[in-house]
Protein chains: 2
Amino acid sequence: MDVRQLFGTNVRRLRLEKGLSQEEFGFVAGIDRTYVSGVERGLRNPTIVLAEKFAQGLGVEVDELLRRPAKGA
Amino acid sequence: MDVRQLFGTNVRRLRLEKGLSQEEFGFVAGIDRTYVSGVERGLRNPTIVLAEKFAQGLGVEVDELLRRPAKGA
DNA sequence: CTGTGACTTGAAGTCCGTC
DNA sequence: AGACGGACTTCAAGTCACA
C-alpha cells in the first residue's frame with residue numbers, strides 16, 4: 001500500500017467520522033478543498049508539515065494518519 | 001515541537017542506534033548525505049513518500065518517525 | 001564524518017472554474 | 001457534496017563545493 005493512499009484513506013475515514021465535508025474540513029484546517037480531494041484519493045504527496053495540518057484539523061496526532069490499519073481489529 | 005524537528009530527531013536517534021553514519025545511511029536509503037543532514041537538523045520539510053524512504057532505510061514503520069517521544073518512558 | 005550555502009528542476013500547494 | 005481540469009506561485013527534491 002502506497003503511503004499516499006494510506007494517508008488519504010486515513011484522512012477520509014477520520015473526516016467522515018467527524019461528519020465534515022471536504023469543504024468544511026478544508027476550511028477548519030486551512031487547506032484548499034481541491035487539495036483535500038487530491039490527498040484523499042492518493043494523488044498528492046503532502047509534506048510532513050502539511051500532514052500535521054491535516055492531523056490538527058482532524059484532532060489527532062500526525063503519526064496516526066500514517067498508521068497502517070491493524071489487521072486483527 | 002515542530003514536525004520537521006521531531007522527524008529529524010527520530011531519524012537521528014534511530015540511525016545512531018543502528019550505528020550508521022549519515023553517509024552510510026544515505027547510501028542504504030538511497031538519499032543524498034547532505035539531505036540526510038538537513039532533515040536531521042529540521043531544516044527540510046520532506047514529503048510523506050520521502051518519509052517512508054527514511055523509514056525503510058531505518059527498518060521501521062513511517063508513523064514511528066512522526067511519533068512524539070513518550071513522556072513517561 | 002558532518003554542517004552549510006547555493007543552485008536547478010520538478011512537484012507541492014493555491015485559486016479559478018466545470019461537471 | 002465531491003471529482004476533476006488548467007494555470008499559477010512557492011517550495012521541496014536533489015546535488016555541488018567548501019568549511
Side-chain angles (χ1 to χ4, degrees), chain A residues 1-69 73, chain B residues 1-69 73:
Chain A
M1 166 95 123
D2 183 47
V3 232
R4 288 168 300 182
Q5 193 62 62
L6 170 70
F7 185 77
T9 304
N10 283 333
V11 168
R12 172 160 295 180
R13 180 172 43 75
L14 272 82
R15 175 177 65 77
L16 259 22
E17 282 179 11
K18 292 182 72 85
L20 294 171
S21 72
Q22 289 182 350
E23 245 170 357
E24 290 166 335
F25 171 65
F27 181 74
V28 297
I31 302 166
D32 193 75
R33 69 182 164 80
T34 64
Y35 196 75
V36 174
S37 171
V39 165
E40 288 192 358
R41 281 175 294 136
L43 300 177
R44 294 287 191 154
N45 179 20
T47 61
I48 59 175
V49 168
L50 238 289
E52 175 159 65
K53 225 168 161 184
F54 272 90
Q56 287 175 348
L58 291 166
V60 298
E61 289 295 320
V62 212
D63 66 287
E64 179 137 353
L65 295 179
L66 289 172
R67 196 124 59 201
R68 318 245 170 213
Chain B
M1 168 95 123
D2 182 48
V3 232
R4 288 169 299 183
Q5 192 62 63
L6 171 69
F7 185 77
T9 304
N10 283 332
V11 168
R12 173 159 295 181
R13 179 172 44 76
L14 261 25
R15 175 177 64 79
L16 259 21
E17 280 178 11
K18 291 182 75 85
L20 294 171
S21 71
Q22 289 183 351
E23 244 171 356
E24 290 166 336
F25 171 65
F27 181 74
V28 297
I31 302 168
D32 191 81
R33 151 191 97 67
T34 64
Y35 194 80
V36 175
S37 170
V39 165
E40 287 192 359
R41 280 174 299 130
L43 300 177
R44 296 281 190 159
N45 180 20
T47 61
I48 59 176
V49 167
L50 237 291
E52 178 160 63
K53 218 169 166 184
F54 273 89
Q56 286 173 348
L58 291 166
V60 298
E61 289 295 322
V62 212
D63 65 287
E64 179 137 356
L65 295 179
L66 288 172
R67 195 123 60 202
R68 319 247 170 207

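Excluded from the calculations below are hydrogen atoms, water molecules and symmetry mates; all remaining heavy atoms, backbone and side chain alike, are included. Note on naming: letters A, B, ... go to the chains in the order of the sequence lines (proteins, then strands), and numbering restarts at 1 for each one.
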(message) If I compare all heavy atoms of Val36(A) with all of Gly26(A), which pair ends up nearest, and what's the gap?
(response) CG2-CA, 4.1 Å
(message) How would you summarise protein contacts on nucleotides 12-19 of chain C per nucleotide, using B for base, S for sugar-phosphate only and - for none, with heavy-atom distances below 4.0 Å?
(response) SBBBBB--
(message) Rounding to an integer number of Å, can you tell me how far Arg15(A) CZ sits from dA3(D) C1'?
(response) 12 Å
(message) Quick check for you: among dG2(D), dA3(D), dT4(C), whose closest atom lies nearest to any side-chain atom of Arg41(A)?
(response) dA3(D)
(request) Calculate the interatomic distance between Gln22(B) atom CD and dG3(C) atom C1'; express it in whole Å. (result) 8 Å
(request) Looking only at non-hydrogen atoms, find the nearest pair between Arg4(B) and Ile48(A) and report the distance. (result) CA-CD1, 3.8 Å
(request) Mind checking Glu40(B) for me? I need base, sugar-phosphate or nothing, with any heavy atom below 4.0 Å counting as a touch. (result) nothing
(request) Give Ser37(B) one of three labels, base, sugar-phosphate or nothing, depending on what nucleic acid heavy atoms sit under 4.0 Å from its own. (result) base
(message) If you define the side chain from C-beta out and look only at heavy atoms, does anything of Arg12(B) sit under 4.5 Å from Leu16(B)?
(response) yes
(request) Compare every heavy atom of Thr9(B) with every heavy atom of Gln5(B), then report the nearest pair and how far apart it is. (result) O-OG1, 2.7 Å
(request) Indicate the atoms forming the closest heavy-atom contact of Gln22(B) with Arg33(B), along with that distance. (result) OE1-O, 4.2 Å
(request) Determine the minimum heavy-atom distance between Phe7(B) and Pro46(B), stating which atoms define it. (result) CE2-CG, 3.8 Å
(message) Would you say Arg41(B) and Ser37(B) are linked by a side-chain donor-acceptor pair, where the criterion is simply a distance under 3.5 Å?
(response) yes
(request) Kindly calculate the angle separating the two end axes of the helix from dT2(C)-dA19(D) to dC19(C)-dG2(D), each obtained from five base pairs, and round it to 10 degrees. (result) 40°
Under 3.5 Å donor-acceptor pairs involving side-chain atoms of residues 55-67 of chain A, not counting sequence neighbours:
residue, atom, partner, partner atom, Å
Glu61(A), OE1, Arg68(B), NE, 3.3
Asp63(A), OD2, Arg67(A), NH1, 2.7

